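A quick write-up on the structure given underneath.
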There are 2 protein chains.
Amino acid sequence: MAEPRWLSDAEQDAWRTFVTMLGALVDHLDRQLQRDSKMPYTYYEILVVLSHAPNRELRMSELAGLRNSSRSRLSHAVARLEEAGWVERRECPTDKRGSLAVLTDAGFAALAAAAPGHVAAVREVLFDRLTPDQVKSLGEISAIVLEGLDPDKKNLPGSPEPGR
Amino acid sequence: MAEPRWLSDAEQDAWRTFVTMLGALVDHLDRQLQRDSKMPYTYYEILVVLSHAPNRELRMSELAGLRNSSRSRLSHAVARLEEAGWVERRECPTDKRGSLAVLTDAGFAALAAAAPGHVAAVREVLFDRLTPDQVKSLGEISAIVLEGLDPDKKNLPGSPEPGR
DNA sequence: GCGTCCTGGTTGAGCACTCAACAACCAAGC
DNA sequence: GCTTGGTTGTTGAGTGCTCAACCAGGACGC
């Protein structure tokens, strides 16, 4: 086996900073939501996606696709959200195998209550500290990396904000 | 309560792309390590940090600090690594409360075996797709965000590569 | 009709993490 | 010495995830 191509010093620096930032960022946002709104970030995103859907309902697998989540994960998650009263399951009228996840009024209210704090947190750690050029740059870099990871996935789910 | 400052369109775009990329990236790297080396990413990082330490040993809390990890998490993780034979616990000679985590030869070998694949994965999804300017930009942006999250933390643990 | 294969979704075991509680120990004051 | 308070590290319960196994129902062939 050939000697692997290790990272250059500049690459190592960038990688260490990036990966540390990444962990701290995810941790920070997750804790903020958990503390202030009693929900993990992933559940927040499920509620957001549902809030944007027509009738605030989606087939389980559509929801999983939009969330880049496995069916299993989503099934567990929706079970929790159902216990919390934020989502209901209904039978799919056109395919008896299927389930619909429906955002309840209580779920929408919980989302509406959680959103300002979450968006404020995102703004505070990210957008209020970066110049418009840096935001643009971050978007471009993210798109390039994402393209390499997920070549045929073009639909980006989930703005951080709830829908109408 | 005042109307929250929502994100601009450009910010929303950047955020969605960024957050989606982030999830996919973490997932990709974690799966690569789990598949090829039977260890989660966080355990890989513990081994890396230990491999760079003098005598390949560290106090638990130092290790936790370098890894930005809680004591509890580290304690659980080291218990697993000990089962795998990659790390040993020893008493700290100067403080009877303390424990030392010591990287074993088997642990070092496992790390050495895992490193090339991991670094190749990082290179493939990130550095081989970005220009040097973009790498520089990513590093700067990461540093700015990290500064806001972790104001007094200046030590960045963990290059992705094992030490001597 | 009937069989076969695929798809949608759920389930349960196992794993990594968090949080709170705890035991053991050090350090400082008296 | 003793007590008080902070530190170090572990433990156990609970949560969210993955993975593989599974059932139910659709889709296509015959």
Side-chain angles (χ1 to χ4, degrees), chain A residues 22-24 26-47 57-84 86-102, chain B residues 22-24 26-47 57-84 86-102:
Chain A
L22 201 143
V26 169
D27 194 66
H28 180 77
L29 295 179
D30 218 34
R31 282 174 192 278
Q32 184 274 324
L33 271 175
Q34 192 75 55
R35 175 168 41 81
D36 297 344
S37 308
K38 308 314 185 218
M39 63 177 96
Y41 182 66
T42 48
Y43 291 10
Y44 179 85
E45 287 198 302
I46 292 174
L47 298 186
E57 66 183 22
L58 281 171
R59 286 287 296 268
M60 291 296 279
S61 40
E62 282 185 86
L63 187 47
L66 288 170
R67 264 309 316 79
N68 296 326
S69 165
S70 70
R71 289 165 217 260
S72 167
R73 175 179 176 176
L74 187 68
S75 189
H76 286 295
V78 167
R80 287 273 172 193
L81 291 171
E82 209 170 9
E83 285 176 32
W86 292 338
V87 168
E88 272 178 24
R89 273 186 243 244
R90 287 191 203 142
E91 295 186 354
C92 176
T94 65
D95 183 341
K96 285 191 181 165
R97 290 170 303 182
S99 295
L100 291 175
V102 190
Chain B
L22 203 141
V26 168
D27 194 66
H28 180 77
L29 295 178
D30 217 34
R31 281 172 192 279
Q32 184 276 323
L33 270 175
Q34 193 73 56
R35 174 168 40 84
D36 296 345
S37 308
K38 309 312 184 217
M39 62 177 96
Y41 181 68
T42 48
Y43 290 12
Y44 179 86
E45 288 199 304
I46 292 174
L47 298 185
E57 67 182 23
L58 280 172
R59 286 286 295 270
M60 291 296 278
S61 42
E62 284 185 83
L63 187 47
L66 288 170
R67 265 299 336 51
N68 296 326
S69 165
S70 70
R71 289 172 219 275
S72 167
R73 174 180 177 175
L74 188 68
S75 189
H76 287 294
V78 167
R80 287 272 171 194
L81 292 170
E82 208 169 9
E83 285 175 31
W86 291 338
V87 167
E88 272 177 24
R89 273 186 242 242
R90 284 189 206 143
E91 296 186 353
C92 175
T94 65
D95 184 342
K96 285 188 182 168
R97 290 169 302 180
S99 296
L100 292 174
V102 190

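In what follows, chains are A, B, ... by sequence order, proteins preceding strands, each numbered from 1. Everything numeric here is computed off the predicted structure, so don't read it as measured data.
- Taking the side chain as every heavy atom from C-beta outward, B:R35 and B:Q32 approach each other to under 4.5 Å.
- Nearest nucleotide to the B:D95 side chain, out of D:dT10, C:dC25, D:dG25: C:dC25.
- Protein atom CZ of B:R73 is 17 Å distant from nucleotide atom C1' of D:dT10, rounded to whole Å.
- In this structure, CD on A:E45 lies 11.5 Å from CG on A:L66, to the nearest 0.5 angstrom.
- Checking the phosphate oxygens (OP1, OP2) of D:dG9, a side-chain nitrogen or oxygen of B:R59 falls inside 4.0 Å.
- Heavy-atom distances to DNA chain C give each of A:A79 and B:S69 a nearest nucleotide, and the one nearer the 5′ end belongs to A:A79.
- A donor-acceptor contact under 3.5 angstrom links the side-chain atoms of A:H76 to the base of C:dG12.
- Residues A:D30 and A:T42 are not in side-chain contact: their nearest non-hydrogen atoms beyond the backbone lie 4.5 Å or more apart.
- Between B:R67 atom CZ and C:dC17 atom P the separation is 10 Å, expressed in whole Å.
- Taking side-chain N and O atoms only, A:S99 has no distance below 4.0 Å to OP1 or OP2 of C:dG9.
- The nearest whole Å value for the distance from the CG atom in B:L74 to the C1' atom in C:dA16 is 13 Å.
- Residues B:A64 and B:S70 come closest through the heavy atom pair CB-O, 4.2 Å.
- Between B:R31 and D:dC19, a side-chain N or O to OP1/OP2 separation shorter than 4.0 Å is present.
- Look at B:R80 and you'll find a side-chain N or O under 4.0 angstrom from OP1 or OP2 of C:dA16.
- Between the NZ atom of A:K38 and the P atom of D:dG16 there is a distance of 13 Å, given to the nearest Å.
- For the pair A:R35 CZ and C:dC19 P, the computed distance is 11 Å after rounding to whole Å.
- Between A:R89 and C:dG9 there is no side-chain N or O to OP1 or OP2 distance below 4.0 Å.
- Side-chain N/O atoms of B:S61 include one lying less than 4.0 angstrom from OP1 or OP2 on D:dG9.
- Considering only side-chain N and O atoms, B:S70 lies nowhere under 4.0 angstrom from the phosphate OP1 or OP2 of C:dC17.
- Across the protein-nucleic acid pair, A:E82 atom CD and D:dG16 atom P stand 15 Å apart, rounded to whole Å.
- Atom-to-atom, CD1 of A:I46 to C1' of D:dT15 comes out at 14 Å; the value is rounded to the nearest Å.
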Donor-acceptor pairs under 3.5 angstrom involving side-chain atoms of residues 73-80 of chain A: please list them, not counting sequence neighbours.
none

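- Rounded to whole Å, atom C1' of C:dT7 lies 5 Å from atom CZ of A:R97.
- Between the side chain of A:S72 and the base of C:dT11, a donor-acceptor pair under 3.5 Å is found.
- Between A:L100 and A:R59, some side-chain heavy-atom pair lies under the 4.5 Å cut-off.
- Both A:Y43 and A:K96 sit near DNA chain D, but only A:Y43 has its closest nucleotide nearer the 5' end.
- Positionally, the nearest nucleotide of DNA chain C for A:R71 lies more toward the 5' end than for the other of A:R71 and A:D27.
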